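Note sheet for the following structure.
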Amino acid sequence: MSADGMTGGPPPSGARADWTIDQAWDRYTADEHAVWVKLYERQSRLLQGRACDAYLRGLDALDLHDAGIPDFRRINGELARLTGWRVVAVPGLVPDEVFFDHLANRRFPAGQFIRRADQLDYLQEPDVFHDVFGHVPMLTDPTFADYMQAYGEGGRRAMALGRLHNLARLYWYTVEFGLLATPEGLRIYGAGIASSAAESIYALESPAPRRLPFDLTDVMRTPYRIDDLQALYFVVPSLQALLDVTLQDFGAIYDQLAALPDLPLDA
Ligand code: PHE
Ligand code: FE
């Protein structure tokens, strides 16, 4: 699920007022489960030594291979026990205010559907593989769990202040495409990287992208591209440092941003 979904409108028919639906786990077909297994096997192998410890610990704790698409009822027992988060199923992208309300209440909205077998490497809307395999392991980490909840609260505030485009960049460059510096080297924590075979290699090993130290104002001034491998990654020194810097009141930063131009993607 991404931060800049959509605006307005009622939930689609069959969805509840908060846009959730039943996962209807019993209705996934054998072919759909097979897509998960294939993606899971490829990605879990690639992420050893590439994803950060918090991610890999979460992946283990939630037992996400389990012979196919995970049943949210099963994941939620362990996830709630670890950090109080839950995964809820939604039909696809949800309006921003609905998304923020879920996050602020420690509910992560995950696409119910899975991509087709001929779309393993790219799709436009987040599906259950991106949302659950990519995002949910990090939600088992107490620090990251707090960060995501705070983001939900900050989202409502940014909307009211007309600064959502700036805040959405923070989501993009952390929750989706964040890198973490560790003593062993750079590691992945962003879900957009963790759920992509090509990007999980490219983000760490390619000489092409820029990798800059995380700076809150720089991040909020930097646009992003949604249709290709990233040109730029921001590297946090620790998840705690990320949480600490975002706990400050963004009001003054938003005021400054109004007068500052966007930064270019390339140097
Ligand atoms: N501190 C931010 C604000 O004042 C809220 C926020 C927290 C945003 C964490 C993102 C992440 O608006
Ligand atoms: Fe996402």
Side-chain angles (χ1 to χ4, degrees), residues 1-6 39 43 51 55 85 87-90 92-94 96-115 122-139 141-178 188-196 199-200 203 214-220 224-227 230 234 236 239-258:
M1 189 58 56
S2 61
D4 54 346
M6 33 194 289
L39 288 165
Q43 237 13 57
Y55 177 94
W85 273 81
V87 183
V88 293
V90 290
L93 292 174
V94 303
D96 295 323
E97 67 272 18
V98 174
F99 182 64
F100 297 141
D101 189 62
H102 282 300
L103 295 188
N105 289 285
R106 295 198 174 230
R107 292 186 301 263
F108 190 77
Q112 186 272 349
F113 72 101
I114 192 153
R115 67 196 74 183
Y122 183 74
L123 86 167
Q124 262 167 2
E125 273 207 87
D127 69 342
V128 66
F129 186 76
H130 167 78
D131 280 334
V132 173
F133 184 91
H135 286 281
V136 175
M138 288 305 292
L139 293 174
D141 180 80
T143 305
F144 197 81
D146 287 352
Y147 174 66
M148 285 289 275
Q149 178 184 352
Y151 186 91
E153 290 158 5
R156 296 194 284 215
R157 192 148 171 250
M159 277 181 92
L161 297 171
R163 287 282 144 201
L164 191 51
H165 57 289
N166 294 117
L167 190 70
R169 293 168 176 174
L170 176 63
Y171 191 95
W172 189 266
Y173 284 114
T174 60
V175 178
E176 295 292 353
F177 292 97
I188 295 160
Y189 73 92
I193 310 177
S195 63
S196 158
E199 194 135 10
S200 51
F214 180 89
D215 175 90
L216 184 59
T217 308
D218 286 355
V219 168
M220 293 207 279
Y224 53 81
R225 56 192 207 196
I226 60 166
D227 57 352
Q230 298 302 299
F234 285 97
V236 295
L239 297 173
Q240 188 62 51
L242 173 62
L243 177 61
D244 289 347
V245 80
T246 51
L247 285 180
Q248 66 180 297
D249 190 322
F250 285 10
I253 301 175
Y254 289 147
D255 287 345
Q256 288 170 10
L257 286 172

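Values in this document were obtained by computation on a predicted structure and should not be read as measured data. The basis for the numbers below is simple: all heavy atoms, side chains too, and nothing from hydrogens, waters or symmetry mates. Count residues from 1 along the sequence. First listed ligand is number 1; within each ligand, the first listed atom is number 1.
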query: With ring centroids as reference points, do Y147 and Y189 lie under 6.0 angstrom apart?
result: no

query: Is atom CD of Q124 surrounded by more than 12 heavy atoms (other residues, nucleotides or ligands) closer than 6.0 Å?
result: no

Extract all N/O-N/O pairs under 3.5 Å that connect ligand 1 to the protein, and present each with both atom names and the distance rounded to 0.1 Å.
unit_1   : atom_1 : unit_2 : atom_2 : d
ligand 1 : 1 (N)  : T246   : O      : 2.6
ligand 1 : 1 (N)  : Q248   : O      : 2.6
ligand 1 : 4 (O)  : R157   : NH1    : 2.5
ligand 1 : 4 (O)  : F250   : N      : 2.9
ligand 1 : 12 (O) : R157   : NH1    : 3.0

- prompt: Between the main-chain N or O of D101 and the side-chain N or O of N105, is there a donor-acceptor pair closer than 3.5 Å?
  reply: yes

Metal-centred angle, the Fe ion (ligand 2) as apex - OE2 of E176, NE2 of H135, 10° resolution: 100°

message: Please find the pair of heavy atoms, one from F214 and one from T174, that lie closest to each other, and give the distance.
response: CE1-CG2, 3.6 Å

- request: Keeping the roles fixed (side chain from W85, backbone from A145), state whether a donor-acceptor pair exists under 3.5 Å.
  value: yes

- request: Taking ring-ring contact (aromatic ring centres under 6.0 Å, His included) as the test, write out the residues that go with F250, two or more places apart.
  value: Y254

